[in-house]
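Basis for what follows: all heavy atoms, side chains included, without hydrogens, waters or symmetry-related copies. The structure displayed is predicted, hence computed values, not measured ones.
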Amino acid sequence: MADPKGFMTTPRQEWPRRPVEERVGDWSEVYVPGALLPIVGRQADRCMDCGVPFCHDACPLGNLIPEWNDLVSRDDWRQAADRLHATNNFPEFTGRLCPAPCEAGCVLAINQPAVTIKNVEAAIADRAWELGLAPPRPPERLSGRTVAVIGSGPTGLAAAQQLTRAGHTVAVYERDDRIGGLMRYGIPEFKMEKHHLERRIEQMRAEGTKFRTSTAVGRDVGAAELRSRYDAVVIATGATAWRELPVPGRELDGIHQAMDYLPLANRVCEGDLESSPVSAAGKHVVIVGGGDTGADCLGTALRQRPASVTQLDIYAQPGAERDEDAEPWPTYPKVYRLSAAHEEARDLRTAPAASADARLFAASTLRFTGDGGGHVRSLHLVEVDAARRPLPGTGRTLPADLVLLALGFSGPDRRDGLIDQLGLQLEPRGTIRRDVGFVTSVPGVFAAGDAARGQSLIVWAIAEGRAVAAAVDRHLTGSSRLPAPIGPFDRPMVV
């Protein structure tokens, strides 16, 4: 550790965000450009180099956090980039999109603000690209074995890169017109500009990975046919079967799933559309769902200049501090967090029905009502207790010209026919069944990521991609030197 007293003398300082009025006027990332490097060295100095670094276990990737914190504090970017990439294929993604369970497991967080691990990670990743420290790493020789990876989200890309570097010939199949999965069309530009994604895709192309876009396996190419053409198949399609809200009035126009809404805004940023056909401009917007997808809808709606926007969360508002009895350190606590989108809604006062930011907590939707033309005009809700039982006398009505449903996902989408054509067995909750080696009920077919694990975090998605790559490599060659950071049944730390 470069500064043994850093955690005592240096306060936590995060990557500053641009002023709200400025950033809601564009789609660029919310952070002040160039403002991270001047502070990140001293922030890395706050790492205690503790004897048992729980941040390792809190992160499913097993990131070597104390090591690269020490290297950043010494301004050794080359070694820091090497240590970071040793466990994470895409640290610029996680440095922007991960909720940082590693920080919840930071030993310093027992009684002080945690080390800004996520910011340090983003700084190393960005600096690595600036200094040319992330070159393509094509294999020295080819194995003669072929692998098809279905899905190009973080799991599919991580698996494909690992297998390509191991010498296998890998083709990634993506049903959308561009590579990236939800990182491309689900994550708004203001959270991660897509040049970060493009850069990695070009790196993978240079290494030898092949990409097949606009190809839905099961519809554009038969799943059984694909299986017969490759030595192994990895299914990494994600959990894109969204949850519904079966309440009266759901059939009204103007009620959309979040993943019908967010991709359109991303396509505007890509230049595919001049404007979104589903826009919040001038409308009273209500977002149903209190998770990250709901916050993404909130930030997107704010940039489209709505008349108002409110987000409903069925859970009670969490406290500002960790509940040590229910969620002791080093588990990831449910505490009140203010995302960039919620900060924007608070400062712009775009939700008159909410007391602080745009959220109404402990709120459950009862029904929708519309006008004579069949378009939604209002949402009726009621407050609920911890068991989600309605509280008498708490009903209220919100104006709603646009309703966005962000209720999460139940498992992989079956509409393309991939699962049925292969005859894959499913778990009761709808995810793909697999064994301890990531193998599905069909020999030679592996499943990883949200399609098998269920909806999870980007760090778990990348960890699954790396682990399934090791399993496939072992299946093809009899052994593997690829790292396998997790098993298919590992879960986050809980009480």
Side-chain angles (χ1 to χ4, degrees), residues 89 137-175 179 181 204-205 207-213 215-238 412 416-427 431-453 461-489:
N89 297 72
R137 290 169 46 198
E140 294 182 0
R141 63 183 64 86
L142 295 178
S143 68
R145 302 300 180 90
T146 59
V147 182
V149 176
I150 306 172
S152 69
T155 297
L157 292 181
Q161 184 167 64
Q162 293 293 94
L163 288 166
T164 296
R165 289 175 173 178
H168 307 302
T169 300
V170 181
V172 178
Y173 287 80
E174 170 55 54
R175 65 181 179 181
I179 293 296
M204 293 178 65
R205 281 200 176 100
E207 293 171 346
T209 303
K210 311 298 182 184
F211 294 102
R212 307 281 187 264
T213 55
T215 305
V217 177
R219 187 179 67 229
D220 299 317
V221 58
E225 175 193 349
L226 191 78
R227 174 67 190 93
S228 68
R229 286 162 45 189
Y230 290 88
D231 296 314
V233 173
V234 176
I235 299 175
T237 54
D416 289 336
L418 166 65
I419 291 174
D420 294 330
Q421 288 177 24
L422 288 176
L424 299 177
Q425 294 180 10
L426 301 180
E427 298 291 349
T431 53
I432 298 173
R433 179 170 295 173
R434 56 186 179 174
D435 64 16
V436 294
F438 293 88
V439 183
T440 69
S441 54
V442 178
V445 178
F446 299 74
D450 289 4
R453 173 171 292 274
I462 296 173
E464 286 251 343
R466 291 171 67 86
V468 77
V472 172
D473 188 38
R474 189 177 303 108
H475 166 75
L476 296 175
T477 66
S479 63
S480 180
R481 298 178 64 183
L482 294 177
I486 60 171
F489 306 116

Legend entry - R219 and E225 ion-paired at < 4.0 Å: no
Legend entry - Enclosure of R433 CZ (heavy-atom neighbours >12, cutoff 6.0 Å): yes
Legend entry - Shortest non-hydrogen contact from P483 toward A470: O-CB, 3.8 Å
Legend entry - Side-chain heavy-atom pair D435, T440 within 4.5 angstrom cut-off: no
Inset, instruction - Return the minimal non-hydrogen interatomic distance between A461 and T155, and the atom names on each side. - result: O-OG1, 2.8 Å
Inset, instruction - Of all the heavy-atom pairs spanning A158 and G465, show the shortest one and how long it is. - result: CB-CA, 4.1 Å
Inset, instruction - Indicate yes or no for a side-chain donor-acceptor contact from R212 to the backbone of A171 under 3.5 Å, with no hydrogens or angles considered. - result: no
Inset, instruction - Find the distance between NE2 (H475) and CZ (F446) and round it off to the nearest 0.5 Å. - result: 4.5 Å
Legend entry - Atom pair CG/CD of L163 and Q161 - distance to nearest 0.5 Å: 10.5 Å
Legend entry - Backbone N/O of T215 and side chain of R175: donor-acceptor pair under 3.5 Å: no
Inset, instruction - Check step by step if side-chain contact (heavy atoms from CB on, under 4.5 Å) holds for Y230 and V147. - result: CA-CA 6 Å; Y230 290 88; V147 182; 5.5 Å; no
Legend entry - Salt-bridge criterion met for R165 and E207 (N-O under 4.0 Å): yes
Legend entry - Considering all heavy atoms, the nearest A467-P485 contact: N-CD, 4.0 Å
Inset, instruction - Give the intermediate values and the outcome of side chain to side chain donor-acceptor pair (under 3.5 Å) for residues S152 and E174. - result: CA-CA 6 Å; S152 69; E174 170 55 54; 2.7 Å; yes
Inset, instruction - Provide the closest heavy-atom pair for D416 versus V217 in the form atom of the first, atom of the second, distance. - result: CB-O, 3.8 Å
Legend entry - Under 3.5 Å donor-acceptor, T146 side chain and D231 backbone: yes
Legend entry - Atom pair CG/CD1 of L418 and I150 - distance to nearest 0.5 Å: 5.0 Å
Inset, instruction - May I ask you to test the K210-V170 pair for a side-chain heavy-atom distance under 4.5 Å? - result: no
Inset, instruction - May I ask you to decide if Q425's main-chain N or O and S441's side chain share a donor-acceptor pair within less than 3.5 Å? - result: yes
Inset, instruction - Could you walk me through whether N89 and Q162 pass side-chain contact (heavy atoms from CB on, under 4.5 Å), step by step? - result: CA-CA 8 Å; N89 297 72; Q162 293 293 94; 3.1 Å; yes
Inset, instruction - Show your working on side-chain contact (heavy atoms from CB on, under 4.5 Å) between I432 and L426 and close with a plain yes or no. - result: CA-CA 5 Å; I432 298 173; L426 301 180; 4.0 Å; yes
Inset, instruction - Answer yes or no: is there a donor N or O on one side and an acceptor on the other, between the side chain of R205 and the main chain of G208, under 3.5 Å? - result: no
Inset, instruction - For the residue pair F489 and V436, establish whether any side-chain heavy-atom pair is separated by less than 4.5 Å. - result: yes
Legend entry - Nearest heavy atoms of M204 and A160, plus distance in Å: CE-CB, 3.9 Å
Inset, instruction - Any chance you could measure R227, atom CZ, to L422, atom CG, to the nearest 0.5 Å? - result: 9.0 Å
Inset, instruction - Look only at the side chain of D220 and the backbone of A216, and say whether a donor-acceptor pair between them is shorter than 3.5 Å. - result: yes
Inset, instruction - Output, in order, the C-alpha distance, side-chain angles, deciding distance and verdict of side-chain contact (heavy atoms from CB on, under 4.5 Å) for I179 and L157. - result: CA-CA 9 Å; I179 293 296; L157 292 181; 3.9 Å; yes
Inset, instruction - State, without any angle test, whether T164 and T209 hold a side-chain donor-acceptor pair at a distance under 3.5 Å. - result: yes
